[in-house]
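All ligand and atom numbering here is 1-based and tracks the order in the structure. As the structure is a prediction and not an experimental result, all values here were calculated from the model. Worth knowing before you read on, the calculation uses all heavy atoms, side chains too, and leaves out hydrogens, waters and symmetry mates.
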Amino acid sequence: MKTVYSPLHAGHAGQMELVTSAIVPGFEKPSRAEFIKARVESEKLGPIVLPLEHDLAAAKRIHKSDYIDFLPTVWPQWVEAGLTGTAMPFTWPTRGLRGDVPPKRVDALLGYYSFDAGATFVEGTWAAIKSSYDVALTAASMVKGGETSAFALCRPPGHHAGAGFMGGYCYINNAAVAAQWFRDQGAKRISILDVDYHHGNGTQEIFYDRADVQVLNLHGDPMVEYPFFLGHADERGAGAGEGFNINYPMPFGTDWDAWNASLEDACAKLAAYAPDVVIVSLGVDTFEKDPISQFKLKSPDYPKIGRRIAKLGLPTLFVMEGGYAVEEIGVNAVGVLTGFEDR
Ligand SMILES: NCCCCCC(=O)NO
Ligand SMILES: [Zn+2]
């Protein structure tokens, strides 16, 4: 399996983030991608290639243009305003406020275009965002070109980013962009299987009223877990999309057997949908030692995920999402990929 990777991710470094009651060094850090890349090399998964560069047209097929156009201006505006440290919002247009008038101040605009304080900027962030998007499209073109599978080693991740907003370390929804790209290339149906610990609220929001992209999410119950405000089992899609969004919320402490029951049901529904391509939003924060998550999967479980997905017998694009147990992230993420290849 080929891996697409860009060293430009490393410029998104040193950002701080707001968690309950404190501002701390960001969990979404460069070493995550480096540990995964090292494991790809040590496991001899296959060639590691640099992404081709793309314009932002494919991003704007999914995201609102004004949102995408805002992203590269954040850091210059922050510096221009004489602000220092990590660019992050502190005010959001929630219920009872106006969300139709973008304010002039950059910190207010960050709130206008986000749902939490988790998508922050430093000088190299935009270059990293763009490279992650290029990685996803380059890997997608490999699958379109006949590769059974490809691994988009995306950093920053994307599944929390909606059509017009960022959040949860996500800016451009790499998996959603790839899904739309496959559709624009002639694919009729796409399934996105999101195995990250957190609900992919952005991916759900983007495709919620569409029947051509099936979205299946296995995740921590939003009653008690981030992103809290989307991801319940009763969210099944709207209009033409009714029945094509499937959520599997699970409780804290979920172990392999319980998690696998959701995976089996999701794979059955995915097979019945018969997509041309499967896109896996590959988060490995389901791991028992993940510092910000509450599931109990163990490292030997990850190859089982890959093997089960391979049994679908469909072209598969893996897009990296979350996972913060950095020491084991490579073993776990690449374990899915070697399992997929039944190695
Ligand atoms: N700062 C709140 C937690 C962000 C979770 C990011 C993630 O792993 N999403 O899949
Ligand atoms: Zn996650």
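Between the Zn ion (ligand 2) and the N, O or S atoms of Asp196, the shortest distance is to OD1.
Contacts classified as salt bridge (charged side-chain N to carboxylate O under 4.0 Å, His left out) and involving residues 318-340 (residues at least two apart or in different chains) are given here: Lys289-Glu328. Pairs of residues two or more places apart, or lying in two chains, never qualify as ring-ring contact (aromatic ring centres under 6.0 Å, His included) while including a residue from residues 21-61.
Formation of a donor-acceptor pair under 3.5 Å by the Asp301 side chain with backbone atoms of Lys298 is found in this model. The main-chain N or O of Leu337 is never found under 3.5 Å from a side-chain atom of Tyr302 such that the two would form a donor-acceptor pair.
The angle subtended at the Zn ion (ligand 2) by OD2 of Asp285 and ND1 of His198 is 100°, given to the nearest 10°.
Partner of His199 under the side chain to side chain donor-acceptor pair (under 3.5 Å) criterion, chosen from His159, Gln204, Glu235, Glu225: Gln204.
A search for side-chain hydrogen bond (donor to acceptor under 3.5 Å, both in side chains) contacts involving Tyr133 returns nothing, not counting sequence neighbours.
Residues Asp184 and Arg61 are paired through a salt bridge, judged by an N-O separation under 4.0 Å between the basic side chain and the carboxylate.
A distance limit of 4.0 angstrom between heavy atoms and ligand 1 selects the residues Glu17, His159, His160, Gly168, Tyr169, Asp196, His198, Tyr226, Asp285, Tyr324.
Taking backbone and side-chain atoms together, Glu321 has no N/O/S atom less than 2.8 Å away from the Zn ion (ligand 2). Residue contacts to the Zn ion (ligand 2): His159 brings no N, O or S atom closer than 2.8 Å.
Among all heavy-atom pairs drawn from Ser131 and His9, the shortest one is OG-N, 3.9 Å.
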